[in-house]
Enquirer: 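First the structure, which I've put down as structure tokens, then a few questions once you've had a look.
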Amino acid sequence: SRSTSITSAKIEVNGVHLHYQQTGEGSHAVLLLPGMLGCGQTDFGPQLKSMNKQLFTIVAWDPRGYGQSIPPSRDFPPDFFERDAKDAVDLMQALKFKKFSLLGWSDGGITALIAAAKYPTLIHKLVVWGANASVTQEDVRIYNGIRDVSKWSEKVRKPLEEMYGHKYFAKTCEAWVDGISRFAEKSDGNICQQLLPDIKCPTFIIHGEKDPLVPQAHAEYIHKHIKGSR
């Protein structure tokens with residue numbers, strides 16, 4: 001039936017052709033936001049397949065320079081999270097969703113926090129996991145540990161290598177480490193701390209105890225600074 005099939009398409013948003021997957025026919029629209037180097041296909045296969053398609057209309061997007069939203073090549077200017085947040089919201093509006101929820105993990109969680117703060121009238125609910133609102137020197141040390149993709153485990157590396165080819169994958173990972181590490185050069189390491197009090201929608205924060213990339217203090221900080229979050 002049409003409710004279980006997954007549409008794959010591109011739409012022009014802010015001068016780039018963004019790829020997305022869509023499924024379900026529920027009244028509650030949900031955007032899935034992938035993590036660093038990720039896209040709908042690599043990060044959200046189980047959600048696209050198994051989320052309740054009567055309750056939800058589910059959209060998973062590939063941010064510019066990731067997945068099938070290439071060209072352009074991915075870059076990391078100082079405002080890359082804000083750019084992704086605007087792209088994400090503008091994508092959903094181009095798809096004619098008036099109000100929608102955000103489910104973001106890792107970098108997609110950061111993007112979702114910024115979008116919820118900046119576009120409060122459009123965001124229904126917010127779920128983030130593995131997200132951080134600042135970058136510490138300890139975080140930079142952790143990021144540098146994954147700079148060289150040849151040292152990644154086969155399981156994590158393989159789908160991304162198949163998606164991008166080794167060269168683009170390796171180069172983009174290095175560029176990501178440099179881009180995210182730049183936040184630590186600011187005195188407070190701030191990415192979006194000042195925006196958290198502006199988030200008004202119901203917010204649920206999830207954190208993996210064994211998350212190798214994001215220490216748990218980040219999740220606790222986000223919870224403390226978003227009023228009424230769980």
Enquirer: Between atom CD of Q137 and atom CD of E185, what is the distance when rounded to the nearest 0.5 Å?
Expert: 8.5 Å
Enquirer: Just so I know, are the side chains of Q41 and Q68 near enough to count as touching, which here means a heavy-atom distance under 4.5 Å?
Expert: yes
Enquirer: Give a yes or no on whether L55 and F97 share a hydrophobic cluster (residues Ile, Leu, Val, Met, Phe, Trp, Tyr; joining criterion: side-chain heavy atoms under 4.5 Å apart).
Expert: no
Enquirer: Would you call R83 and D75 a salt bridge, using N to O less than 4.0 angstrom?
Expert: yes
Enquirer: In sequence, state the C-alpha distance, the side-chain angles, and the governing distance for K53 and I6, and then conclude on side chain to side chain contact (heavy atoms under 4.5 Å, CB included).
Expert: CA-CA 11 Å; K53 299 187 182 192; I6 299 172; 4.3 Å; yes
Enquirer: Passes side chain to side chain contact (heavy atoms under 4.5 Å, CB included), K10 versus Y20? Steps please.
Expert: CA-CA 6 Å; K10 282 190 168 185; Y20 67 95; 6.0 Å; no
Enquirer: If you measure from the Lys or Arg side-chain nitrogens to the Asp or Glu carboxylate oxygens, is any gap between K171 and E174 under 4.0 Å?
Expert: no
Enquirer: Side chains of V128 and I206: closer than 4.5 Å at any heavy-atom pair?
Expert: no
Enquirer: Under a 4.0 Å N-O cut-off, is there an ion pair linking K158 with E161?
Expert: no
Enquirer: Under 3.5 Å, side chain of D90 to main-chain N/O of N14, donor-acceptor pair present?
Expert: no
Enquirer: Has T111 got a side-chain atom pairing as donor or acceptor with A85's backbone, closer than 3.5 angstrom?
Expert: no
Enquirer: Take H124 and C201 through the side chain to side chain contact (heavy atoms under 4.5 Å, CB included) test and state the conclusion after the steps.
Expert: CA-CA 6 Å; H124 181 41; C201 65; over 6 Å; no
Enquirer: State, without any angle test, whether T203 and K125 hold a side-chain donor-acceptor pair at a distance under 3.5 Å.
Expert: no
Enquirer: Work out which heavy atom in C39 is nearest to a heavy atom in M163; give both atom names and the distance.
Expert: SG-CE, 3.2 Å
Enquirer: So how far is it from M92 CE to I11 CD1, rounded to the nearest 0.5 Å?
Expert: 11.0 Å
Enquirer: Measure the spacing between CG of D43 and OH of Y66 and express it to the nearest 0.5 Å.
Expert: 10.0 Å
Enquirer: So, for F44 and A60, which heavy atoms are closest and what is the spacing to 0.1 Å?
Expert: CD1-CB, 4.4 Å
Enquirer: Taking side-chain contact (heavy atoms from CB on, under 4.5 Å) as the criterion, tell me which of V140, N144, T172, D148 meets it with V177.
Expert: N144
Enquirer: Restricting to non-hydrogen atoms, name the atom on A117 and the atom on P120 that form the minimum distance, rounded to 0.1 Å.
Expert: O-CD, 3.6 Å
Enquirer: With a 4.5 Å cut-off on side-chain heavy atoms, are R64 and D87 touching?
Expert: yes
Enquirer: Examine distances only and state if a side-chain atom of N190 and a backbone atom of Q193 form a donor-acceptor pair shorter than 3.5 Å.
Expert: yes
Enquirer: Would you say W152's side chain and I146's backbone share a donor-acceptor pair under 3.5 angstrom?
Expert: yes
Enquirer: According to a hydrophobic-cluster definition based on side-chain heavy atoms being under 4.5 Å apart (Ile, Leu, Val, Met, Phe, Trp, Tyr only), do M36 and Y164 belong together?
Expert: yes
Enquirer: If Ile, Leu, Val, Met, Phe, Trp and Tyr residues are connected whenever their side-chain heavy atoms lie under 4.5 Å apart, and connections chain through other members, are F76 and Y168 in the same group?
Expert: yes
Enquirer: If we only count heavy atoms from C-beta on, is the S181 to V135 side-chain gap below 4.5 Å?
Expert: no
Enquirer: Are R74 and D62 within salt-bridge range, i.e. N to O under 4.0 Å?
Expert: no
Enquirer: Examine distances only and state if a side-chain atom of S50 and a backbone atom of Q47 form a donor-acceptor pair shorter than 3.5 Å.
Expert: no
Enquirer: Output the distance between atom CG (L113) and atom CG (D198), rounded to the nearest 0.5 Å.
Expert: 11.5 Å
Enquirer: Answer yes if F56 and L95 sit in the same cluster of Ile, Leu, Val, Met, Phe, Trp and Tyr residues linked by side chain heavy atoms under 4.5 Å apart, and no otherwise.
Expert: no
Enquirer: If only side-chain N and O atoms count, and only distance matters, is there a donor-acceptor pair under 3.5 Å linking H17 with S69?
Expert: no
Enquirer: Are there more than 12 heavy atoms of other residues, nucleotides or ligands under 6.0 Å from atom NZ of K227?
Expert: no
Enquirer: Checking H28 against T57: is there a side-chain donor and acceptor pair closer than 3.5 Å?
Expert: no
Enquirer: Is there a donor-acceptor contact under 3.5 Å linking the side chains of S229 and H223?
Expert: yes
Enquirer: Checking H225 side chain against Y221 main chain: does a donor-acceptor pair fall under 3.5 Å?
Expert: yes
Enquirer: With no hydrogens and no angle check, do the side chains of T136 and D139 hold a donor and an acceptor under 3.5 Å apart?
Expert: yes
Enquirer: What is the distance from atom CD1 of I226 to atom CG of L126, rounded to the nearest 0.5 Å?
Expert: 6.0 Å
Enquirer: Test your reading of the model: is there a side-chain donor-acceptor pair from K186 to the backbone of S134, 3.5 Å cut-off?
Expert: no
Enquirer: List the atom of P197, the atom of K200, and the distance in Å for their closest heavy-atom pair.
Expert: O-NZ, 2.9 Å
Enquirer: Please say whether more than 12 non-hydrogen atoms of neighbouring residues, nucleotides or ligands are located less than 6.0 Å from CD in Q22.
Expert: yes
Enquirer: Decide side chain to side chain contact (heavy atoms under 4.5 Å, CB included) for V214 and H207; before the verdict, give the C-alpha distance in whole Å, the side-chain angles of both, and the deciding distance to 0.1 Å.
Expert: CA-CA 9 Å; V214 183; H207 200 76; 3.7 Å; yes
Enquirer: Do W176 and Y143 make the cut of ring centroids closer than 6.0 angstrom?
Expert: yes
Enquirer: Measuring only between side-chain heavy atoms, which start at C-beta, is E12 closer than 4.5 Å to V16?
Expert: no
Enquirer: Does any non-hydrogen side-chain atom of R157 lie less than 4.5 Å from one of F169?
Expert: yes
Enquirer: Show the nearest heavy-atom pair for residues A112 and L102, with the distance to one decimal.
Expert: O-CD1, 3.6 Å
Enquirer: Of all heavy-atom pairs between L91 and W61, which one has the smallest distance, and what is that distance?
Expert: CD2-CB, 3.5 Å
Enquirer: Are W129 and I58 in one and the same hydrophobic cluster, where Ile, Leu, Val, Met, Phe, Trp and Tyr link if side-chain heavy atoms are under 4.5 Å apart?
Expert: yes
Enquirer: How about T23 and S5: do any of their side-chain heavy atoms sit closer than 4.5 Å?
Expert: no
Enquirer: Can you list the steps and then say if R147 with D178 is a salt bridge (Lys or Arg N to Asp or Glu O under 4.0 Å)?
Expert: CA-CA 9 Å; R147 174 186 287 275; D178 292 339; 2.7 Å; yes
Enquirer: Please report the interatomic distance CG(L122) to NZ(K99), rounded to the nearest 0.5 Å.
Expert: 8.0 Å
Enquirer: Taking the side chain as every heavy atom from C-beta outward, state whether K86 and V13 have any pair of such atoms under 4.5 Å apart.
Expert: no
